[in-house]
Protein chains: 2
Amino acid sequence: MDSVSKMDILKSYLETKGLKSTSQRDYIADIFFKTNTHISLEELLKKVKRKNTNIGYATVYRTMRLLTECGLAISRQFGDGQTRYENLPEDGHHDHIICIKCSKIAEFQNQKIEQLQVEAAKKLGFTVVNHKLELYGYCPDCV
Amino acid sequence: MDSVSKMDILKSYLETKGLKSTSQRDYIADIFFKTNTHISLEELLKKVKRKNTNIGYATVYRTMRLLTECGLAISRQFGDGQTRYENLPEDGHHDHIICIKCSKIAEFQNQKIEQLQVEAAKKLGFTVVNHKLELYGYCPDCV
DNA sequence: ATAATATTGATTTTCATTTTCAATTTCAAG
DNA sequence: CTTGAAATTGAAAATGAAAATCAATATTAT
Ligand SMILES: [Mn+2]
Ligand SMILES: [Mn+2]
Ligand SMILES: [Zn+2]
Ligand SMILES: [Zn+2]
């Protein structure tokens with residue numbers, strides 16, 4: 001999905017909630033849509049401020065909440081005490097492996113694991129709505 | 001493992017670190033060893049205060065850090081903003097499924113999933129040191 | 001007993017997140 | 001183009017859990 005269609009989704013979400021499309025929201029969303037990392041609020045604010053000095057932290061925070069609500073952003077907690085956001089992946093859900101030395105993040109998909117999760121839950125009478133799977137270890141560069 | 005041997009492990013850990021065994025530490029550890037839930041610091045403090053009014057939050061906090069360091073306690077973050085502690089399980093590592101309605105926590109072990117995780121990491125050149133797997137959904141009581 | 005060292009618990013600090021609020025902007029109606 | 005209601009903004013304050021500080025107290029070896 002390209003930035004334009006994402007912006008359309010955001011705008012129609014705002015409309016359904018009786019919220020307004022503003023230049024700040026648009027700009028923050030645009031910058032976010034162009035990032036392909038797992039970005040923190042501080043990092044995003046820094047990027048946004050480069051061209052738009054007067055945008056505040058609170059607006060970035062609120063915009064990311066909106067993007068998360070409408071499914072265009074996914075919030076992640078990798079245990080470093082900071083919430084990070086990533087764009088809704090093209091190719092569906094993925095999980096993460098994080099280097100405990102250099103903090104590099106790699107992504108992977110494993111349909112077998114997903115399936116076994118649902119089965120494990122079923123055995124306990126649970127229905128799975130979502131899950132969090134994070135592997136921690138050493139990346140190729142850190143041995 | 002019984003509380004007595006756990007206390008022995010704690011005491012020898014303290015010794016190696018040049019730390020002292022105290023009545024507060026012993027009491028907090030004893031109460032913790034007897035819990036079989038995923039307990040928060042606040043909850044543990046409350047339990048401890050029932051018989052020992054003068055023990056402070058900071059000592060409970062520090063004791064749980066010691067227990068975590070020496071492997072007798074495992075700290076967990078289930079996304080409610082509070083760190084929870086559980087006793088080192090008898091039967092090895094397990095993962096969790098949490099009810100998003102009533103917060104009930106169930107545990108499960110799945111060797112196949114563990115194995116697939118290592119394989120998925122290997123494909124990316126990573127070595128897994130530890131992992132976090134949490135399923136979120138509805139428990140049998142909450143449909 | 002003495003001195004060195006560790007512990008305690010109240011308090012303060014830290015820090016990310018969330019909320020508040022007065023000023024500003026947007027937008028539909030006249 | 002005005003007007004006024006409603007939403008937005010950004011600075012600042014509040015929140016809350018975790019971590020650190022520190023003076024008073026307790027422990028330990030000599
Ligand atoms: Mn990702
Ligand atoms: Mn458990
Ligand atoms: Zn690395
Ligand atoms: Zn439930």
Side-chain angles (χ1 to χ4, degrees), chain A residues 10-32 38-70 73-85 103, chain B residues 10-32 38-70 73-85 103:
Chain A
L10 172 59
K11 289 194 173 170
S12 72
Y13 177 74
L14 291 175
E15 210 167 339
T16 65
K17 297 279 272 185
L19 303 177
K20 291 165 184 172
S21 185
T22 68
S23 66
Q24 289 95 331
R25 281 180 182 159
D26 290 358
Y27 187 65
I28 293 164
D30 187 55
I31 294 291
F32 172 71
H38 303 81
I39 197 169
S40 69
L41 280 185
E42 286 294 348
E43 289 163 358
L44 183 55
L45 177 66
K46 208 166 151 190
K47 272 198 182 191
V48 162
K49 285 229 182 206
R50 285 212 266 270
K51 291 256 173 137
N52 224 326
T53 324
N54 55 318
I55 288 184
Y57 178 93
T59 303
V60 175
Y61 164 76
R62 286 184 288 232
T63 301
M64 289 317 297
R65 184 168 55 187
L66 288 171
L67 289 174
T68 304
E69 278 169 16
C70 71
I74 298 175
S75 79
R76 306 278 191 189
Q77 280 82 33
F78 292 136
D80 66 339
Q82 283 212 297
T83 297
R84 293 177 173 280
Y85 297 87
S103 299
Chain B
L10 172 59
K11 290 194 173 171
S12 73
Y13 177 73
L14 291 175
E15 211 167 342
T16 64
K17 297 278 273 186
L19 303 177
K20 291 164 183 171
S21 185
T22 68
S23 66
Q24 289 96 329
R25 282 180 181 157
D26 290 356
Y27 188 67
I28 293 164
D30 187 56
I31 294 290
F32 172 70
H38 304 80
I39 197 169
S40 69
L41 280 185
E42 286 294 349
E43 289 163 359
L44 183 55
L45 177 64
K46 208 165 149 189
K47 272 197 182 192
V48 161
K49 285 230 183 206
R50 286 212 266 271
K51 292 258 173 138
N52 223 326
T53 324
N54 55 319
I55 288 183
Y57 176 91
T59 304
V60 175
Y61 164 75
R62 287 182 289 230
T63 301
M64 289 316 297
R65 183 170 55 187
L66 288 171
L67 289 174
T68 303
E69 279 170 17
C70 71
I74 299 175
S75 80
R76 306 278 190 190
Q77 280 84 33
F78 292 136
D80 67 337
Q82 282 213 299
T83 297
R84 293 177 174 280
Y85 298 86
S103 299

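Labels below follow one simple rule: chain letters A, B, ... track the order of the sequence lines, proteins then strands, and each chain is numbered from 1.
Summarising the geometry, the separation between CG on A:Leu19 and P on C:dT26 is reported as 15 Å, rounded to the nearest angstrom. Taking atom CG of A:Leu10 as the reference point, atom P of D:dT8 lies 11 Å away to the nearest angstrom. When rounded to the nearest whole Å, the span between CG of B:Asn52 and C1' of C:dT8 equals 12 Å.
Closest to the side chain of A:Gln82, from the set D:dA17, C:dA16, C:dT26, is C:dA16. The listed nucleotides are C:dA6, D:dT9, D:dA18; the one nearest the side chain of B:Leu41 is D:dA18.
Applying the side-chain contact (heavy atoms from CB on, under 4.5 Å) test to B:Glu43 and every residue at least two apart in sequence or in another chain returns B:Ile39, B:Ser40, B:Arg84.
In this model, the phosphate group of D:dT8 is not approached by any side-chain N or O of A:Gln24 to a distance below 4.0 Å at OP1 or OP2. B:Thr83 has no side-chain polar atom (N or O) that falls below the 4.0 Å cut-off from OP1 or OP2 of D:dA17.
With rounding to the nearest 0.5 angstrom, the CD1 atom of B:Ile31 is 8.0 Å from the CZ atom of B:Arg50.
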Below 3.5 Å between N/O atoms, which protein atoms pair up with nucleotides 19-24 of chain D? Just atom names and distances, please.
{"from": "D:dA19", "atom 1": "OP2", "to": "B:Tyr61", "atom 2": "OH", "distance (Å)": "2.9"}
{"from": "D:dA19", "atom 1": "O5'", "to": "B:Tyr61", "atom 2": "OH", "distance (Å)": "2.9"}
{"from": "D:dT21", "atom 1": "O4", "to": "B:Arg62", "atom 2": "NH1", "distance (Å)": "3.4"}

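Among the protein residues, A:Thr22 comes within range of the sugar-phosphate backbone only, with heavy atoms under 4.0 Å from sugar or phosphate atoms but none that close to a base.
A:Arg25 places no side-chain N or O within 3.5 Å of a backbone atom of A:Lys11 that could act as its donor or acceptor partner.
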